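Worksheet: the structure to be examined is printed underneath.
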Amino acid sequence: MRPQHLVPHASQAGSVDVCLILEGTYPFVPGGVSSWVHHLVTHMPDLQFGILHISPAPDFHEGDLAYPVPDNVRFLQEVFLTRPGTGRSLPRTRVVRNAIEAFWNAIEGLRGAGDPADFRTCVESLQALGRQRLDVQDVMLVESSWEVMLDLYRDEAAHESFLDFFWSWLFAYEPLLNALTTQVPDAKLFHTVSTGYAGVLAAGAACVTGRPMILTEHGIYTKERRIEIHSAHWIKDWLPEEYQVENTAPYFQLFWNRHFEAMSRICYQWADGIYTLYADNVRAQLRDGADVERTRVIPNGVAVERLAEAHARWEAEGRVRDERFTVAFVGRVCPIKDVRTFLAAMRLVVRQVPDVLIRVLGPMEEDKEYAEGCIRFAEQLGLQDHVRFEGRISIADELPRVDVIVLTSISEAQPLVLLEAGALGIPSVATDVGSCRELLEGGAAADRGIGVGGFLTPIASPGETARAVLALYEDPDLREVFGKNMQTRVRRFYDQRDMVDAYEEIYERCIAGDLDGIASAADTAALEADEAAREAALADQMLEDLV
Amino acid sequence: MVSEESGLLGKMRGYASAGLISAGPWIITMTGLSIVGLAYTGASARDDTVVSFLALMTYVFSFSLLTVSGLQMTFTRWLADTLYAKNYDRVVPGFVVALTAVAVVQAPVALGFCLWAGYAAELTLALVSLYVIVSLTWVTLIWLTVIRQYERILIAFAAGVGVFWVALHAFRPSGELTGTITAYAVGSGVTLALMIGLVMRGVESARTAEGGAGGTGVAGALGVLRSPWKYPGLMAAGMVYGLAIWIDKYVFWFTAGVEAIPFVWSHPLYDSCFFLAYLSVVPALTINLVHLETSFYEKYRAYYSAILSGFPLDEIDARRFRMVAELRRGATKLLRTQGAVTVLAMIGSGPIVRALGMPDFAERVLRFALLGAFFQVLFLITLLIQLYFDLRKEALWSSVAFLGANTALAVWSVSAGPWSYGIGYTVASLFGAVVAFVLLDRSVARLTYRTFTRHAHSN
């Protein structure tokens with residue numbers, strides 16, 4: 001049920017301070033990014049927000065919203081990437097012709113170097129097209145569009161399946177057209193939380209209004225799409241069954257990768273501030289064309305105060321913990337978290353620690369088949385007496401009872417559980433993915449000086465994970481040192497309030513028109529030095545391999 | 001048999017049949033009327049019975065076709081969709097529903113006419129029966145395409161003709177006209193019964209062969225009645241075309257004709273010339289239709305399968321080219337063979353007319369009728385090809401052009417006098433053929449574009 005004050009269209013809401021441009025997240029889908037957005041909005045009650053949410057199709061996100069929408073969100077407008085066309089032919093007016101031409105010129109330009117002027121013409125004419133309320137699908141199927149597609153085909157893919165090319169072209173550009181014909185709301189600042197279609201829409205908004213636009217990337221969109229394209233499942237799912245598409249041909253993988261890379265590049269070009277959670281991500285952004293001057297790392301944070309209180313309560317109550325050594329896995333029980341490796345590692349631990357308590361703390365509903373498989377696997381390993389699958393829990397209440405947190409994920413961005421555990425003085429064992437190394441060992445020099453907060457392991461290595469857990473089991477003092485290091489680190493660098501303050505300042509500056517200092521030069525210098533060192537090392541390695 | 005090809009190709013195959021089916025009744029009508037007319041003109045050209053019989057028969061064929069022609073197109077499309085979806089359990093129920101619906105609509109029409117005209121009871125019975133039987137025959141032809149056993153269909157017709165001759169001698173005494181009509185009704189009834197039997201048996205064996213769903217899909221079968229609303233363009237095209245073929249004759253009957261029997265108008269001279277002319281084109285038309293079904297269909301299928309199998313564009317273009325070339329080949333053949341026949345017949349119009357005991361100026365009318373029939377066959381073939389490509393709008397506009405021209409020119413011809421008889425129709429059918437050709441040509445040039453955009457829209 002949507003709250004009364006929330007209007008479904010930007011034009012009904014008047015001007016807002018910040019227009020958020022989101023794709024497949026808040027407030028429809030629960031998750032890390034959505035929670036982050038919700039936190040930000042609720043902690044800036046004096047600012048008026050609006051949300052443009054990009055959804056695949058009408059009625060895709062049916063049912064209740066996943067979050068209670070705060071009062072300072074004035075509009076929630078859905079932008080649909082695909083919509084059925086009317087099948088009628090378009091009026092042959094000059095506006096329509098020019099818009100179509102401008103769009104295709106822009107696409108051509110963007111597939112190459114990307115002249116901003118091309119993009120501007122494109123967006124302006126598409127906005128005009130949008131005002132005419134024409135169906136985008138009708139535009140795509142006009143004969144002149146068809147001719148453009150033929151030219152492209154003959155240039156690049158003359159020996160590929162024409163049927164596959166046609167559908168790929170349609171599926172690639174119809175969403176773009178739908179995004180860019182959306183009428184841009186009146187906002188002082190645009191903030192997008194991913195590249196992809198949201199990023200392009202944000203770039204378009206910045207371009208036509210001249211207002212500032214900032215980008216925060218949690219995961220890197222192009223990287224995620226690259227993985228999907230490689231497994232090539234989703235391409236098949238999009239097409240109707242009668243067309244037996246084998247879209248795994250190298251050409252099409254290249255097509256889609258380039259498509260998403262071009263979208264990222266546009267977003268980076270028009271963003272005044274490019275933010276992400278940790279340094280490694282910045283490197284990925286630079287590789288995709290971001291200007292290093294505009295980048296900045298703003299990590300997520302945890303509610304340090306609340307957790308500190310929880311910790312203090314435990315200490316005061318004399319640390320009534322379970323007598324048994326407790327190892328916890330905290331996170332969703334789904335394949336990307338690789339719970340099976342965790343269980344296999346625990347099998348090895350049980351041999352040395354016969355009364356170890358193993359707690360799997362996290363929702364099991366996302367992938368029921370996988371969850372049941374894990375329960376069976378635990379039984380097969382003979383861990384029934386040691387393992388408890390407890391479902392979702394309250395971090396502040398349950399974590400203090402735990403001795404060690406274990407993370408065995410195959411892929412992560414910035415897992416907050418390591419920080420939350422750290423705030424409570426609990427050490428961790430984590431796979432070296434995403435920003436885990438930065439979280440446990442520190443990023444910049446000052447951070448590293450604090451000390452290590454846990455052990456890192458390779459992915460899918462139960463032996464390594466077990467060894468690390470046992471090392472912590474055998475040495476209680478080590479656990480305490482690690483725990484204290486993490487507490488210091490979290491308090492200094494990962495306080496949620498700092499994150500909110502950072503964005504508040506950025507918002508204020510942007511709204512006031514002062515764009516200096518919303519990126520941070522100091523970071524970039526260190527980053528460049530880092531990057532240079534990395535490249536040198538890589539070059540050495542390659543030379544070695546050759547020899 | 002039922003589903004030679006699966007998938008989209010099978011669907012398109014079914015669509016093509018829509019056009020073919022519309023030709024069938026026309027061929028049968030013309031052949032039937034011509035043969036009957038010929039059989040009698042030789043004997044006694046001015047025999048009133050003969051004139052009345054021919055006039056009534058023409059009425060029966062013409063008006064039954066007129067009312068059913070639109071439905072034929074949509075029923076055929078429904079059948080194609082049903083087969084494509086493999087709902088074999090709906091085929092026979094759909095057939096029964098269609099037959100019932102048509103009978104229910106047509107019987108009152110015929111009955112109403114007879115009562116209004118004040119015919120005797122036996123004649124009314126015979127006429128209504130014949131009218132309904134003929135209407136149902138047009139519907140049955142649609143379902144017969146599922147079977148494709150053309151030899152058996154021919155046998156059914158032959159049996160009907162045989163029964164007709166026998167019955168003729170049995171019923172003749174009860175009044176010349178009524179007897180003849182009754183005999184024809186009986187003969188046609190036998191043919192219809194045999195054809196219905198063929199359909200029932202054929203569908204059942206196909207169903208078991210394909211392993212389709214068992215039971216009867218009555219609910220789904222009712223969809224056949226909704227087909228006119230689902231495909232209004234097709235319905236309109238069929239109706240307009242049906243009317244277009246007959247309109248000039250209607251104009252002649254009702255403005256310059258004779259009332260053979262109460263309320264039955266005809267123009268014996270005009271009619272006979274045209275039936276003779278149609279007879280001259282039926283062979284070539286049939287041959288060309290077979291050519292469409294075979295050689296052209298092969299290339300047509302190759303083109304669509306190249307698209308669906310994901311071939312590169314230059315291969316698709318090449319196949320389109322070959323398909324068009326095949327069309328041209330067929331057209332040239334038709335022009336040559338039918339052209340030769342038409343020219344010969346035109347030259348021999350004089351002798352033909354004299355041999356059949358028709359007035360001298362009929363020679364000129366016959367000549368124009370022959371030429372007009374030739375053009376009409378060109379028009380019909382072009383229309384069928386349009387339907388192969390599912391160019392519904394083009395088919396409709398072509399038919400409208402033909403209808404408009406034929407109406408206007410028929411009206412002109414009646415007022416202009418006997419010297420002009422036949423010219424109107426000839427010019428109109430030429431005009432129709434040209435329009436149909438131009439529309440087809442333009443569409444085929446952009447065929448790939450149209451194919452893709454249509455499928456994109458439907459998804």
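This structure is a prediction, so every number in the text was calculated from the model and none was measured. Sequence lines set the chain letters: A, B, ... in the order given, protein chains first and strands last, and positions in each chain run from 1.
- Around the CZ atom of Phe437(B), the shell of radius 6.0 Å holds no more than 12 heavy atoms that belong to other residues, nucleotides or ligands.
- Neither the backbone nor the side chain of Glu147(A) comes within contact range of chain B; no heavy atom of the residue lies under 4.5 Å from a heavy atom of that chain.
- Judged purely by atom type and a 3.5 angstrom limit, Tyr449(B) uses its side chain to pair as donor or acceptor with the backbone of Leu141(A).
- Atom CG in Asp138(A) sits 10.5 Å away from atom OG1 in Thr453(B) (nearest 0.5 Å).
- Put simply, CD on Glu160(A) and CG on Leu313(B) are 12.5 Å apart, with the number rounded to the nearest 0.5 Å.
- Atom CD of Glu315(B) and atom NE2 of His159(A) lie 12.5 Å apart (nearest 0.5 Å).
- Identified under the ring pair (Phe, Tyr, Trp, His ring centres under 6.0 Å) test for residues 308-329 of chain B, with sequence neighbours left out: none.
- Taking the six-membered ring where tryptophan is involved, the planes of Phe452(B) and Phe162(A) are perpendicular, since the angle between them exceeds 60° and thus also 30°.
- The environment of Lys223(A) atom NZ is sparse: at most 12 non-hydrogen atoms of other residues, nucleotides or ligands sit within 6.0 angstrom.
- Here the side chains of Thr448(B) and Trp146(A) are in contact, with some heavy-atom distance below 4.5 Å.
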